[in-house]
Structure formats: C-alpha cells, structure tokens
Number of protein chains: 2
Amino acid sequence: LKNSQITDNEISELMISQEKVAHVQSNNPLDHALLVLIKSGYTSIPVLDKEYKVQGQVGKAQILDSILGMERIEMERLHEYFVSDVMTAKVPRMKQDETFGKALMLSINHPFVCIEDNDGAFLGIMTRRSILALIHRHLEK
Amino acid sequence: LKNSQITDNEISELMISQEKVAHVQSNNPLDHALLVLIKSGYTSIPVLDKEYKVQGQVGKAQILDSILGMERIEMERLHEYFVSDVMTAKVPRMKQDETFGKALMLSINHPFVCIEDNDGAFLGIMTRRSILALIHRHLEK
Ligand SMILES: Nc1ncnc2c1ncn2[C@@H]1O[C@@H]2COP(=O)(O)O[C@H]3[C@@H](O)[C@H](n4cnc5c(N)ncnc54)O[C@@H]3COP(=O)(O)O[C@H]2[C@H]1O
Ligand SMILES: Nc1ncnc2c1ncn2[C@@H]1O[C@@H]2COP(=O)(O)O[C@H]3[C@@H](O)[C@H](n4cnc5c(N)ncnc54)O[C@@H]3COP(=O)(O)O[C@H]2[C@H]1O
C-alpha cells in the first residue's frame with residue numbers, strides 16, 4: 001500500500017456529503033440539539049454558522065454535563081442554553097483537494113474530519129470508518 | 001504496506017492493557033456506571049462479568065436514554081437500574097494471537113475491539129486510534 005495508490009478521487013467519493021451530515025447551528029437551543037443528536041444516533045456532530053462554515057462540534061457528553069448540572073431535567077431550561085455555550089471549538093478540518101495522508105493523520109485523534117472548499121464552506125465529513133474501510137480494501141488486493 | 005509487515009507483536013504492544021481500560025460489571029447500578037463514564041471521559045466502555053469475561057459494552061447514550069425516560073434525574077432512581085438492563089451485548093472480540101488484518105476489519109464498524117486470551121479472559125482493547133497511528137507510521141516510511 002503506497003500513499004500514491006490512494007487517490008484524492010477516493011477522498012471526495014468517501015466523504016459523507018454535507019446533506020447527509022447531521023449538524024446543528026451555533027445559535028440553536030440545547031433542547032433542539034439534543035433532539036438532533038438522539039434522532040441521528042451520533043455521539044458528536046458538526047456545528048455550523050449561518051454561512052454554513054464549520055464552528056466546532058457538539059455531543060451528547062457536553063449536553064449530558066449541562067443536564068447533570070440541573071436538579072431536574074426541564075426541557076424548558078435546556079431551551080435557555082445554546083450550542084455555542086457548550087460546543088468544542090476544536091474540530092479537525094481539511095480542504096477537499098488535500099491528500100488522503102492528511103485525512104489519515106487527522107483521524108488518529110478525531111473520529112471525523114470536516115472537509116471544506118477553498119472558501120471554507122462545509123462540504124462533508126470523512127469518518128474513521130471510511131478511512132479504515134479503504135485501507136482494508138487496499139490491503140486485501 | 002503489506003499485511004505481513006505488521007506483526008502480531010505489534011498487536012499486544014498496541015493494545016491498551018486491561019488495567020488501563022475503564023470498565024464496569026454487569027451487576028453494577030447505573031449511577032455507578034454513569035460516574036465511571038463521566039470520570040473516564042469515554043463514550044462507551046466494556047462490561048465484564050465477575051470472572052472478568054467480556055459481556056458487552058455500555059455508554060453514555062444508553063444511560064442518557066434511561067435518564068430522559070424519567071421526569072426528574074434522581075440518582076436514587078438510577079440506583080434501581082443495572083448495567084445489564086441497558087448494555088449492548090454486541091461488542092467485537094478477537095484472540096490475542098489473531099492477525100492485525102482481523103483487528104483492522106473489526107474496527108471498520110466499531111471504535112474498539114476487545115482482546116481475549118484462549119480461555120475468553122479479558123486482556124485489553126485495540127482502539128481505532130492505535131490502528132490508524134500504526135498504519136500512518138508504516139506509510140510514512
Ligand atoms: N447509525 C449507525 N449505524 C451503523 N454504525 C454506526 C451508527 N452510528 C454510529 N455507528 C458506528 O459507531 C461509530 C462511532 O459513532 P459516533 O456517533 O460515536 O461517532 C461518529 C459521529 O460523531 C460522526 N458521524 C458519522 N456519521 C455522521 C453523520 N452522518 N452525521 C454527523 N456525524 C456523523 O463521526 C463519528 C465517527 O463515525 P464512524 O462511522 O467512523 O464510526 C461510527 C460507526 O462505526
Ligand atoms: N481522554 C482522552 N484524551 C485524548 N483523546 C481522547 C480522550 N478520550 C477520547 N479521545 C479521542 O476521542 C476518540 C473517541 O473516544 P470515545 O470515548 O468516543 O470512544 C473510545 C472509547 O469508547 C473506547 N476507549 C478508548 N480508550 C479506552 C479506555 N482506556 N478505557 C475504556 N474505553 C476506552 O474506545 C473508543 C475509541 O477510542 P480512540 O482512542 O480510538 O478514539 C478516541 C480518541 O481519539
């Protein structure tokens with residue numbers, strides 16, 4: 001398996017395209033974010049701003065922490081907090097025309113990597129699953 | 001990168017050894033499991049029985065679901081439920097003397113793989129992070 005065998009063609013093919021990525025906006029209230037997370041089933045998802053640029057990620061862990069800070073779970077109280085209050089700004093990103101090697105490197109410490117175009121608009125995500133599946137296919141040949 | 005370059009030596013070296021793996025027992029109450037998850041910071045961890053054999057995995061998602069089923073979060077009520085009530089029995093496993101190729105294949109659909117000895121006793125876990133880091137190191141050469 002050589003780095004050169006894995007073409008950038010495969011990156012845009014492997015990427016989960018933005019319309020299929022569960023996400024929230026930074027100004028959404030936490031009760032909405034929680035519903036998106038529960039409905040999508042994912043642990044953590046991208047946070048986008050109004051111009052569809054990546055601002056960070058938010059997950060059940062952060063929302064669970066804020067719920068546990070309350071004496072009761074009151075969905076109305078969750079409505080008073082926003083994604084921007086609890087999200088992690090740190091989220092790995094790369095441009096669509098960068099290499100598979102970079103996606104591999106970023107995935108070592110992150111379950112997904114956000115893919116952006118040259119203007120910073122969100123195009124989709126590369127998951128560890130798709131990176132591992134690709135490597136497995138190449139090693140099988 | 002060939003399958004043969006990645007030796008089984010590297011598997012036992014890469015594995016997170018059982019004493020460093022956060023885990024719970026199937027008969028632990030949920031308030032204890034939640035504390036272990038919050039303290040360890042992990043999304044999902046192995047569930048072991050009294051003989052230290054792997055029974056499944058449990059995560060914040062499952063505990064969050066049971067909390068949301070309650071009108072209030074009452075830690076005393078969480079004490080009435082057990083890990084066995086909410087855990088997922090499905091968890092990928094392999095023996096320590098199996099190949100890296102098998103660990104890679106199992107990691108496509110699972111964030112961690114449980115490693116067992118020939119009697120089924122729990123030895124540790126292989127994470128996607130360590131698998132991806134190993135591949136990255138081999139491709140860099
Ligand atoms: N509905 C489902 N069906 C089958 N398997 C499922 C599943 N939900 C999760 N998994 C499995 O569990 C892994 C971890 O998911 P998690 O939600 O923690 O972590 C996910 C989540 O945070 C994010 N993610 C994946 N797909 C997403 C999407 N369509 N929208 C938003 N975020 C996504 O990327 C992380 C890594 O995803 P990856 O696929 O590598 O790894 C996934 C996948 O192997
Ligand atoms: N304290 C920390 N410091 C730095 N990075 C952290 C971290 N906690 C999590 N991460 C990062 O987030 C990824 C997903 O963690 P998660 O807890 O969802 O999913 C974890 C967790 O379910 C389990 N896991 C990992 N180490 C564990 C341990 N020592 N005990 C129990 N379960 C563990 O294996 C999954 C995959 O772990 P992996 O390392 O591939 O991937 C980790 C790692 O890249």
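Every chain is numbered from 1 and lettered A, B, ... according to where its sequence line falls, protein lines coming before strand lines.
- To the nearest 0.5 Å, atoms CD1 (B:I108) and CD1 (A:I135) are separated by 9.5 Å.
- Both the backbone and the side chain of B:S107 come within contact range of chain A, judged by heavy atoms closer than 4.5 Å.
- In the hydrophobic cluster analysis, where Ile, Leu, Val, Met, Phe, Trp and Tyr join through side-chain heavy atoms closer than 4.5 angstrom, A:I45 is grouped together with A:V47.
- Following chains of ILVMFWY side-chain contacts shorter than 4.5 Å, one can reach B:L132 starting from B:M15, so the two form part of one hydrophobic cluster.
- Note on A:V113: it clusters hydrophobically with A:L123, by side-chain heavy-atom contacts below 4.5 Å among ILVMFWY residues.
- Cluster annotation: A:L48 is connected to A:V21 through the hydrophobic network of ILVMFWY side chains, with a link wherever side-chain heavy atoms come within less than 4.5 Å.
- Separation of atoms NZ (B:K60) and NZ (A:K60) is listed at 11.5 Å; rounding is to 0.5 Å.
- For B:L37, no part lies under 4.5 angstrom from a heavy atom of chain A.
- Using a 4.5 Å cut-off between heavy atoms, B:I131 contacts chain A through its side chain alone, with no backbone atom that close.
- When all heavy atoms of B:L104 and A:H136 are compared, the pair lying nearest together is CD2-CA, 3.9 Å.
- With a 4.5 angstrom heavy-atom cutoff, A:I63 does not touch chain B via any of its atoms.
- Criterion: ILVMFWY side-chain heavy atoms under 4.5 Å apart, direct or through other members. Under it, A:I16 and A:Y52 are part of a common hydrophobic cluster.
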